[in-house]
Amino acid sequence: AAGVIQSPRHLIKEKRETATLKCYPIPRHDTVYWYQQGPGQDPQFLISFYEKMQSDKGSIPDRFSAQQFSDYHSELNMSSLELGDSALYFCASSLQWDIQYFGAGTRLSVL
Amino acid sequence: AQKVTQAQTEISVVEKEDVTLDCVYETRDTTYYLFWYKQPPSGELVFLIRRNSFDEQNEISGRYSWNFQKSTSSFNFTITASQVVDSAVYFCALISVQGAQKLVFGQGTRLTINP
């Protein structure tokens, strides 16, 4: 069965650069979520979209923005990167509010 | 506000031992879902189980079993006859139906199964 696809898997950036993370949900899933997991920490909710509209927002910095496109894929844009943004970024998808299935994550390293 | 507490930061056992991972949750909502996710060393988050607040029936899936007790706000996870492949970080999580559909995770329990 198709799973959530995230790209890239690894990303290395310098401070103050920008990064774009992509997420392709499981086919027919209409809801996408983004989570950030710092080293040794639990995943923290950033933002979610249902049917291309933002449905909820967590502790997402103003430097970050995201959207869900007409084909339901989502992108997380991160600007003015800081060292503290280094983390594992997960995307999850669900059919409406059903079980969230996670992608393999994008590991972002900010140098 | 919702909160999930996994008091056991790390557990280490020898293969074939049984092990129980504890999870205690807090919520004021009457309708909610509880989850367990597994994060192996490769890093992905793997869904294991979901339980709704109205279903306290225990569940068994192979070597895995879950004990949900509303009276103590606990949702514990037991692995029977543990195997090295069970080594991972396990997260308990909560979603409130009335609130946003975001998962609130516990701090995770790192389980190491030694051969």
Side-chain angles (χ1 to χ4, degrees), chain A residues 1 3-11 23 25-26 29-51 53-60 66 68 86-109, chain B residues 1-10 21-27 29 31-53 55 59 61 66 88-112:
Chain A
V4 177
I5 305 297
Q6 290 188 246
S7 68
R9 291 294 312 279
H10 302 275
L11 193 56
C23 170
I26 292 171
H29 280 194
D30 50 18
T31 309
V32 168
Y33 313 77
W34 287 96
Y35 292 83
Q36 177 192 58
Q37 185 180 27
Q41 298 181 1
D42 55 288
Q44 295 291 316
F45 172 76
L46 292 177
I47 196 167
S48 62
F49 294 87
Y50 169 64
E51 282 292 343
M53 298 285 289
Q54 182 181 306
S55 54
D56 193 24
K57 201 171 182 180
S59 306
I60 183 170
Q68 186 179 29
S86 295
L88 188 54
Y89 290 84
F90 284 107
C91 172
S93 75
S94 68
L95 181 61
Q96 295 187 4
W97 307 122
D98 207 342
I99 297 166
Q100 294 180 33
Y101 292 94
F102 285 77
T106 293
R107 188 169 297 280
L108 172 66
S109 298
Chain B
Q2 290 98 37
K3 185 178 179 182
V4 177
T5 302
Q6 295 178 253
Q8 304 151 308
T9 306
E10 293 191 31
L21 282 59
D22 297 332
C23 172
V24 174
Y25 63 92
E26 295 175 31
T27 179
D29 299 317
T31 305
Y32 52 89
Y33 289 93
L34 296 165
F35 300 78
W36 277 94
Y37 282 86
K38 174 182 179 180
Q39 187 171 40
S42 49
E44 71 271 28
L45 277 168
V46 179
F47 165 77
L48 294 178
I49 189 171
R50 177 182 67 174
R51 229 36 184 159
N52 76 56
S53 52
D55 183 3
E59 181 153 342
S61 175
W66 290 269
V89 178
Y90 290 86
F91 290 99
C92 182
L94 168 73
I95 275 183
S96 165
V97 171
Q98 282 124 14
Q101 293 296 309
K102 60 181 182 184
L103 283 162
V104 174
F105 287 87
Q107 306 92 316
T109 297
R110 181 176 298 278
L111 177 64
T112 302

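Owing to the predicted nature of the structure, the values given are computational and were not obtained by experimental measurement. In what follows, every chain begins at residue 1, and chains take the letters A, B, ... in the order their sequences are listed.
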* Hey, what do you get for CZ (F90(A)) to CD (E44(B)), rounding to the nearest 0.5 Å? -> 8.0 Å
* Separation between CD1 of I99(A) and CZ of R50(B), rounded to the nearest 0.5 Å -> 4.0 Å
* Is the closest side-chain heavy-atom distance between F91(B) and Q37(A) below 4.5 Å? -> yes
* To do: Compare all side-chain heavy atoms of L45(B) with those of Q100(A) and state whether any distance is below 4.5 angstrom.
  => no
* Interchain contact, Q39(B) with chain A, by part (heavy-atom threshold 4.5 Å) -> side chain
* To do: Rounded to the nearest 0.5 Å, what's the gap from CD on Q44(A) to NZ on K102(B)? Could you check?
  => 9.0 Å
* Asked: Counting heavy-atom pairs under 4.5 Å to chain B, which of P43(A), A104(A), G103(A), A92(A) comes out on top?
  -> P43(A)
* Asked: Quick one: does Y33(A)'s side chain get under 4.5 Å of L103(B)'s, heavy atoms only?
  -> no
* To do: Using non-hydrogen atoms and a 4.5 Å limit, figure out which bit of Y50(A) sits close to chain B: side chain, backbone, both or neither.
  => neither
* **F105(B) vs Y35(A) side-chain heavy atoms within contact, under 4.5 Å** => yes
* Max heavy-atom pair count under 4.5 Å with chain B, selected residue of T31(A), L88(A), D98(A) -> D98(A)
* Asked: Any chance the rings of F102(A) and Y37(B) have centres within less than 6.0 Å?
  -> yes
* With respect to chain A, which residue among S42(B), G43(B), G108(B) yields the maximal number of heavy-atom pairs within a distance under 4.5 Å? -> G43(B)
* Taking atom CZ of R110(B) as the centre, does the number of heavy atoms from other residues, nucleotides or ligands within less than 6.0 Å exceed 12? -> no
